[in-house]
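Some notes on the structure that comes next.
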Protein chains: 2
Amino acid sequence: MELHLQIKMNEKLFLRNPEQSDLGKKIILHSIQLIHKNGFESFTFKKLAEDIGTTEAGIYRYFENKHRLLIYIVAWYWSWLEYRVTVHTNNIKDPVVKLKRVIKLLAIAVEDDVKTSYVNESILHQIIITEGSKAYLTKKVSEDNRDHLFKPYKDLCAKIGDIILECNPKYKYPKSLSSTIIEMAHFQNFFMNNLPALTDFGKTKDESKIVAFLEELVFSSIKK
Amino acid sequence: MELHLQIKMNEKLFLRNPEQSDLGKKIILHSIQLIHKNGFESFTFKKLAEDIGTTEAGIYRYFENKHRLLIYIVAWYWSWLEYRVTVHTNNIKDPVVKLKRVIKLLAIAVEDDVKTSYVNESILHQIIITEGSKAYLTKKVSEDNRDHLFKPYKDLCAKIGDIILECNPKYKYPKSLSSTIIEMAHFQNFFMNNLPALTDFGKTKDESKIVAFLEELVFSSIKK
DNA sequence: TTCTAAATGATAGTAATACTATCTTATTAA
DNA sequence: TTAATAAGATAGTATTACTATCATTTAGAA
């Protein structure tokens, strides 16, 4: 049996659904590669079009602008991660074990997932680390939020917050701790690889150290 | 007695030192205002020049490009914050009290500091929250780091890390916890004001709740 | 199978951005 | 007083971020 994971995306993220055509899938695939290679700032629809072998106008039929495309990619990532969290915490009773699994899913790089052939999840993870917060760190954040563009992120945050509450129903900051874990899983990774003085992991580039740090941080906070 | 605080900035941050001329100070003052008003993405040297009443070329004599100017502003902010940390933790013996003061300095909005007339510190704080991480979240981060452009941030992180170690010399992650406090002081503020579902502070916009959250996070982690 | 609508390709064009260059005038320090 | 230095004025270029139009291909319904 071959599984195909299809993530339902908010219609406001795009002008034409990129999942429903070859060109659309190419746009996602190649934009992830290009952003990973050169960074979001130097990423343009022109370069993307050349990369794909189509024209700028072709891209604009799918996405209003490159920021919307970034939000799309980021939203896709968070949806996919929430799916993985669901799968990996499913039959587990102990919320502490659940939370440990979640931390690993957040902090450990993934292997490419065959189920979604037009997305390369391992480089996607790298992109989210460097570019993810740019999706919301803008003047338009409230407007975009009103259009529910950040729903996948908020859903994931809520889900992890619930697991935290399962561990300790009296803990006062489940959502803030949840967003802290999510952000720090990525930022500590970025720091480890690029500004190691901001971490205690040196240049080991060993993600399991981030996991250990986050576990200590989280469980000392929420223990009853 | 009138005090004038002069922060010595890394020479590589600029082409011509903006602190040493009227035009330079205007560039800093007005760029902070403009970035605050419209966001970094829509900020251009042309608009800045018009705002000041000079020409684009004039700005380019001080800063290579707008990203360098952002790094300058961010670096200035971290230097200034480290100075404030030094002042406010000076004669304090108890490292726990010190660390609490630091958390407040990080998380509570400042009033404009008369000592540095050409910088508006309160809106600067707002800018750093929204735009601060864009200074290093780029493809050039290693290059910029080699030029020591992030030294003020790293110095502050080290300083807070040392206070953490004073609280508990055996704590294993002083620097990572330090960078976590710094980043979360800002991110939780941004979330509270723009994406409140990611926090437990609602739309109260009450910074003291962020302080309470961070204190609980930090002190439960480092307690012996 | 044919018709029709939708998607794509090809091309052009515009305003703004991100610079660089040059020349002149004002300021200031030796 | 002169000689450097900073600033102002102006111009120009390549790239970016779009929008518009028309032709061609493709896919689905009649």
Side-chain angles (χ1 to χ4, degrees), chain A residues 9 11-31 34-35 37-73 118 131 134-135 138-140 143-144, chain B residues 9 11-31 34-35 37-73 118 131 134-135 138-140 143-144:
Chain A
M9 302 294 289
E11 304 259 322
K12 294 213 170 157
L13 285 166
F14 47 76
L15 301 170
R16 184 174 297 168
N17 193 338
E19 292 188 346
Q20 279 166 11
S21 74
D22 263 14
L23 181 58
K25 287 173 192 169
K26 272 190 205 160
I27 289 172
I28 304 304
L29 181 70
H30 286 81
S31 59
L34 260 186
I35 293 172
K37 197 174 156 211
N38 306 316
F40 184 65
E41 278 69 35
S42 74
F43 169 78
T44 70
F45 277 6
K46 183 124 190 274
K47 291 174 190 165
L48 176 61
E50 274 160 22
D51 208 47
I52 293 175
T54 182
T55 59
E56 240 182 314
I59 318 284
Y60 277 105
R61 289 188 184 111
Y62 283 84
F63 291 98
E64 231 177 291
N65 53 54
K66 70 171 187 167
H67 187 249
R68 280 284 158 133
L69 175 50
L70 177 66
I71 297 180
Y72 179 94
I73 290 171
Y118 66 97
E131 322 289 354
K134 293 172 193 170
T138 70
K139 279 279 155 187
K140 287 195 153 188
E143 200 183 311
D144 290 342
Chain B
M9 303 294 290
E11 304 259 322
K12 294 210 170 158
L13 285 164
F14 47 77
L15 301 171
R16 185 173 298 168
N17 193 338
E19 292 187 348
Q20 279 166 10
S21 74
D22 263 14
L23 180 58
K25 287 172 191 169
K26 272 191 204 161
I27 289 173
I28 303 305
L29 180 70
H30 286 81
S31 60
L34 261 186
I35 294 172
K37 196 174 158 209
N38 306 318
F40 183 66
E41 278 70 35
S42 73
F43 168 78
T44 70
F45 277 6
K46 183 123 190 276
K47 292 174 190 166
L48 177 60
E50 275 160 22
D51 209 46
I52 293 175
T54 182
T55 59
E56 239 183 314
I59 318 284
Y60 276 105
R61 288 187 185 112
Y62 282 83
F63 291 98
E64 232 178 292
N65 54 52
K66 71 171 187 168
H67 187 251
R68 281 283 159 131
L69 175 50
L70 177 67
I71 297 180
Y72 179 94
I73 289 171
Y118 65 98
E131 321 291 355
K134 293 173 192 169
T138 70
K139 278 281 156 188
K140 287 195 152 186
E143 201 184 310
D144 290 342

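Numbers restart at 1 for each chain; the letters A, B, ... are given by sequence-line order, proteins then strands.
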Whole angstrom value for the distance that separates [atom2] of [N] from [atom1] of [X]:
X	N	atom1	atom2	result
A:R61	C:dG9	CZ	C1'	7 Å
A:Y60	C:dA12	OH	P	19 Å
A:R16	C:dG9	CZ	C1'	12 Å
B:L34	C:dT17	CG	P	12 Å
A:F40	D:dA17	CZ	C1'	12 Å
A:L69	D:dC18	CG	P	12 Å
B:K46	D:dT16	NZ	C1'	15 Å
B:R68	C:dC19	CZ	P	12 Å

Exercise. Salt-bridged, B:D144 to B:R68, with N to O below 4.0 Å?
Worked result: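 So B:D144 pairs with B:R68 through a salt bridge.
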
Exercise. NA contact type, A:F45, heavy-atom cut-off 4.0 Å: base, sugar-phosphate, or nothing?
Worked result: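 A:F45: no heavy atom of the nucleic acid under 4.0 Å.
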
Problem set entry | A:S21 and A:Y62 side chains, donor-acceptor separation under 3.5 Å |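 Indeed, the side chains of A:Y62 and A:S21 share at least one donor-acceptor pair under 3.5 Å.
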
[N] phosphate, OP1 or OP2, under 4.0 Å from [X] side-chain N/O:
X	N	result
B:T55	D:dG8	no
B:K47	C:dA16	no
B:Y62	D:dA6	no
B:S21	D:dA6	no
A:T54	C:dG9	yes

Exercise. Between B:E131 and B:E41, which heavy-atom pair has the shortest distance, and what is it?
Worked result: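 Closest heavy-atom pair between B:E131 and B:E41: OE1-OE1, 4.3 Å.
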
For this session: Find the distance between OH (B:Y72) and CE (B:M9) and round it off to the nearest 0.5 Å.
Result: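 Separation between the atoms: 5.0 Å.
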
Problem set entry | A:A57 vs B:E56, nearer the 5' end of DNA chain D by closest nucleotide |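 On the 5' side of the pair lies B:E56.
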
Exercise. B:K66 or A:G58: which one's nearest nucleotide on DNA chain C is closer to the 5' end?
Worked result: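 That would be A:G58.
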
For this session: Check whether any side-chain heavy atom of B:I52 sits under 4.5 Å from a side-chain heavy atom of B:I59, and report yes or no.
Result: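 In short, these two side chains touch, coming nearer than 4.5 Å.
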
